[in-house]
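Accompanying notes for the structure given below.
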Amino acid sequence: MTDKIRVRFAPSPTGYLHVGGARTALFNWLFARHNGGEFVLRVEDTDTARNRDEFERGIFDGLRWLGLTWDEGPDIGGAFGPYRQSERQALYREAAEKLRASGHVYECFCTDTEPDVQSSESVPTDRTAADRTAASCPCRALEPAVRLERMAAGEPAALRMAVDPTLAITVVDLIRGDVTFPPGTVPDFIVVKRDGGALYNFAVVSDDHSMRITHVIRGEEHLANTPKQLLIYEALGWQPPAFAHIPIILNEQRRKLSKRDGATFVNDYETMGFLPQALVNFLALLGWSPGDNREILSIEEMIRDFTLAGVVKHPAIFDPAKLAWMNKEYMKQVAPDDLAHMVATLLPVLRPNAARKDAPHVARVTALLAERVRTIAEIIEHGAYFFDTDPPEPTSEALSKHCAAPDTVGRLAAVRDALVKADDFSVAGVEAAIRGLAEANGTKAATYIHPLRVALTGQAVSPGIFEVASILGRDVALARIDALLNRLALAPAPRS
RNA sequence: GGCCCCAUCGUCUAGAGGCCUAGGACGCCGCCCUCUCAAGGCGGAGACAGGGAUUCGAAUUCCCUUGGGGCUACCA
């Protein structure tokens with residue numbers, strides 16, 4: 001029981017679920033499921049200035065959408081709650097008292113290192129460089145009597161860890177091996193703020209210990225924090241968990257992925273019409289490999305084959321093109337009805353003014369477009385002319401490419417005539433009408449097809465035109481041909 | 001600046017001394033199919049950062065250089 005594997009994902013609600021965070025959550029989740037362990041969700045909301053409830057909900061929703069279910073968490077409870085750090089302050093005070101009693105921390109009365117709270121994006125400048133290079137704070141050398149006196153006077157003090165500057169600290173990392181930090185590289189650091197609140201490194205240790213976390217799997221940006229946490233474990237006499245620092249995800253400019261990089265939150269992908277399964281598969285392969293050449297892996301396979309040994313050490317660049325490809329692969333596996341339902345769900349979001357959105361119509365459009373797009377949203381974008389009643393505005397490319405010939409108007413008129421006379425407007429019926437027309441005139445069907453495409457879709461490219469016409473229906477098709485005919489009569493298309 | 005991590009095709013990666021004239025996938029480029037697109041088929045270009053060392057033999061081990069990244073808050 002005690003050696004049951006327990007991991008956690010500990011986001012801070014200062015933003016929505018980031019793909020980097022999602023990938024960290026995924027690796028933790030896979031590790032837990034692979035080992036029959038437990039996956040704990042903990043909210044690290046000790047930064048009260050930047051937290052927002054909305055973000056917490058968004059993170060939960062994102063995880064659920066991806067299918068990363070947790071065994072314990074703020075919303076469902078568990079044996080080691082509460083699961084929000086803001087609700088665990090008493091635990092931290094207790095641990096802090098222990099540290100104080102054992103002489104591992106000292107009161108720090110400094111006030112000159114207030115963080116710049118103006119903008120959360122701001123990076124610390126070098127103005128406190130001198131302070132930061134100092135291994136310890138002057139307060140550490142304060143006479144006990146002076147210290148007591150100032151405390152008695154009610155002067156607020158932070159608690160700072162008294163780090164032994166002669167000791168090297170080694171982090172044993174499951175992915176990177178032993179990482180040693182030389183003596184003196186870890187300065188005395190704050191553990192409890194002046195307002196009494198526990199700081200990240202301290203709260204994390206306290207929580208991971210009391211929640212019986214056995215493996216801490218987190219982003220590499222935390223590697224440099226680990227010696228501090230190790231020091232706290234030692235001071236408290238606690239056994240530290242195993243650590244595994246996974247490589248971070250970079251943007252295409254090779255920088256840490258940030259909100260400036262376009263779509264970086266998982267809910268962005270949801271609204272862009274990605275399938276959660278595809279995102280999960282893609283994220284799993286960012287930094288992890290099953291060891292063979294498989295690219296498309298089911299959740300079951302991922303769980304079965306996931307090991308930390310299969311995680312690479314180097315950072316990975318997020319490649320949207322490969323994600324798109326993968327999404328298409330997953331779209332191929334979705335039943336047509338389900339796909340149509342997804343389109344119907346997204347349609348009001350992406351095209352609130354869609355005029356034609358009845359289920360049978362959406363289903364036909366989806367079936368036609370699905371094989372030539374990479375996301376659900378693209379069905380709606382590329383097939384916009386299916387959802388509108390007004391004739392599409394032809395693109396300049398479509399006009400110059402397919403309507404520049406002098407006899408375009410004549411051909412279009414002939415097509416119109418043929419479509420009026422078509423026995424029926426099924427795909428076969430439309431095709432018979434157009435091909436019959438071409439045959440009668442001894443020309444290639446393409447000469448009629450392309451102008452018709454422009455009339456019906458406004459685009460130079462589209463799905464098969466017979467299908468398009470059939471779905472649109474005779475009335476709409478004729479109206480669109482008339483519209484283009486009018487347009488060409490008023491302003492002849494430019495020569496190509 | 002200091003400390004730490006990392007380094008195979010443009011990108012994600014396989015590779016744990018000979019199986020590597022380095023494999024796969026995305027992307028890219030041709031050709032075929034074809035009403036355009038997509039899909040599909042066939043073919044192609046494309047990498048072990050550099051230098052030392054160890055070894056009979058290094059993509060694989062060690063060192064240095066270079067490059068990239070992370071951390072360096074009373075943020076997480």
Side-chain angles (χ1 to χ4, degrees), chain A residues 10-14 44-47 49-51 85 108 110-111 113-117 120 123-124 126 128-129 131-133 156-160 171 173 175-176 179-182 184-187 189-195 197 199-201 203-204 219-227 245 247-248 250 252 254-256 282 285-296 309 312-326 328 332 369-374 382 398 401-402 431 434-435 438 444-450 452-453 457 459-466:
Chain A
S12 68
T14 54
E44 310 220 320
D45 56 351
T46 52
D47 185 354
R50 295 199 294 152
N51 294 330
Q85 291 191 328
C108 172
C110 299
T111 58
T113 50
E114 297 287 8
D116 181 8
V117 291
S120 56
V123 175
D126 267 343
T128 54
D131 302 326
R132 283 190 280 105
T133 47
L159 248 34
R160 204 179 270 277
V171 176
D173 189 284
I175 293 172
R176 283 149 217 288
V179 179
T180 299
F181 295 76
T185 44
V186 178
F189 57 95
I190 303 278
V191 135
V192 178
K193 293 185 266 193
R194 283 207 297 162
D195 66 8
L199 218 45
Y200 169 71
N201 282 123
V204 165
E220 198 203 311
E221 67 266 28
H222 290 287
L223 182 55
N225 282 321
T226 311
H245 289 92
I248 59 175
L250 269 24
E252 285 159 294
R254 300 194 149 275
R255 308 287 305 186
K256 191 172 165 185
F282 175 74
L285 258 25
L286 256 196
W288 172 73
S289 162
D292 50 36
N293 286 333
R294 283 174 295 163
E295 299 284 339
I296 303 295
V312 302
K313 297 174 177 175
H314 54 267
I317 293 171
F318 190 94
D319 180 9
K322 185 156 184 178
L323 204 212
W325 164 77
M326 193 164 276
K328 189 188 186 87
K332 290 177 184 170
L369 248 24
E371 65 182 43
R372 52 201 94 215
V373 298
R374 300 185 303 180
H382 294 194
K401 215 166 172 179
H402 299 306
E431 177 160 10
I434 303 294
R435 292 208 188 278
K444 296 203 304 187
T447 56
Y448 295 103
I449 285 172
H450 291 306
L452 177 59
R453 188 190 317 286
T457 72
Q459 311 288 318
V461 303
S462 80
I465 202 62
F466 310 128

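Labels below follow one simple rule: chain letters A, B, ... track the order of the sequence lines, proteins then strands, and each chain is numbered from 1.
Taking only distance into account, the side chain of A/R50 meets the base of B/C75 through a donor-acceptor pair shorter than 3.5 Å.
A/W325 places its CH2 atom 10 Å from the P atom of B/G40, with the value rounded to the nearest Å. Protein atom CD of A/E220 is 9 Å distant from nucleotide atom P of B/C71, rounded to whole Å.
Here the separation of B/G17 from B/U60, taken at their C1' atoms, is 7 Å to the nearest Å. Across the C1' atoms, B/G70 and B/U13 are found 22 Å apart, a figure rounded to whole Å. Atom name P, nucleotides B/G10 and B/C6: the rounded distance is 23 Å, in whole Å. Straight-line distance between the C1' atoms of B/C5 and B/C9: roughly 24 Å, to the nearest whole Å. If you take atom C1' in B/C3 and the same atom in B/U21, they sit 43 Å apart, rounded to whole Å. Taking atom C1' on both B/U8 and B/C20, the two are 12 Å apart, rounded to the nearest angstrom. For the C1' atoms, the distance from B/C29 to B/G46 is 11 Å, rounded to whole Å. Separation of the C1' atoms belonging to B/A14 and B/G23 is 6 Å when rounded to the nearest angstrom.
In terms of position along RNA chain B, the nucleotide closest to A/I175 lies nearer the 5' end than the nucleotide closest to the other residue of the pair A/I175 and A/D319.
Nucleic acid contact for A/T180: sugar-phosphate only, since backbone atoms but no base atoms lie under 4.0 Å from a heavy atom of the residue. Within the 4.0 angstrom heavy-atom criterion, base atoms lie near A/I465. Here A/T447 lies out of heavy-atom contact (under 4.0 Å) with every strand. Heavy atoms of A/A445 sit nowhere under 4.0 angstrom from any nucleic acid atom. Across all strands, A/K332 comes closer than 4.0 Å only to sugar-phosphate atoms, never to a base (heavy-atom distances). Within 4.0 Å (heavy atoms only), A/E295 reaches at least one base atom of the nucleic acid. Residue contacts for A/N225: at a heavy-atom cut-off of 4.0 Å it reaches a base atom on one of the strands shown. At the heavy-atom level, A/Y200 lies under 4.0 Å from base atoms of the strands shown. Using a 4.0 Å heavy-atom distance criterion, A/R255 is classed as a sugar-phosphate-only contact. At the heavy-atom level, A/F466 lies under 4.0 Å from base atoms of the strands shown. At the heavy-atom level, A/H382 lies nowhere under 4.0 Å from the strands shown. Here A/E44 lies in heavy-atom contact (under 4.0 Å) with sugar-phosphate atoms only. In this structure, A/G184 reaches neither bases nor backbone, as no heavy-atom distance under 4.0 Å exists between it and the strands shown. Within 4.0 Å (heavy atoms only), A/G287 reaches sugar-phosphate atoms of the nucleic acid but no base atom.
Summarising the base pairing, B/A49 is matched to B/U65 through a Watson-Crick or G-U wobble pair whose two defining distances lie under 3.5 Å. Base-pair partner of B/C71: B/G2 (Watson-Crick or G-U wobble, both distances under 3.5 Å). Remark: B/C26 base-pairs with B/G10; criterion is Watson-Crick or G-U wobble with both hydrogen-bond distances under 3.5 Å.
Using a 4.0 Å cut-off, some side-chain N or O of A/H314 falls inside it from OP1 or OP2 of B/U13. Contact check, A/K256 against B/G68: no side-chain N or O comes under 4.0 Å of OP1 or OP2. OP1 and OP2 of B/U13 both lie 4.0 Å or more from every side-chain N or O belonging to A/R294.
Between A/H222 and A/Y200, the ring-plane angle classifies as tilted under the 30° and 60° cut-offs.
Listed for the A/K328 side chain is a donor-acceptor partner under 3.5 Å among the backbone atoms of A/V373. A/N51 places a side-chain N or O within 3.5 Å of a backbone atom of A/D45 that can act as its donor or acceptor partner. Judged by distance alone, the side chain of A/D173 and the main-chain N or O of A/H245 form a donor-acceptor pair under 3.5 Å. For the pair A/K332 (side chain) and A/E371 (backbone), a donor-acceptor distance under 3.5 Å is absent.
Relative to the side chain of A/S462, the nucleotides B/C5, B/U36, B/G68 differ in distance, and B/U36 lies closest.
Side-chain atoms of A/K256 and A/E220, non-hydrogen and from C-beta on, never get closer than 4.5 Å to each other. In this structure the side chain of A/T226 never reaches within 4.5 angstrom of the side chain of A/F181, judged on heavy atoms.
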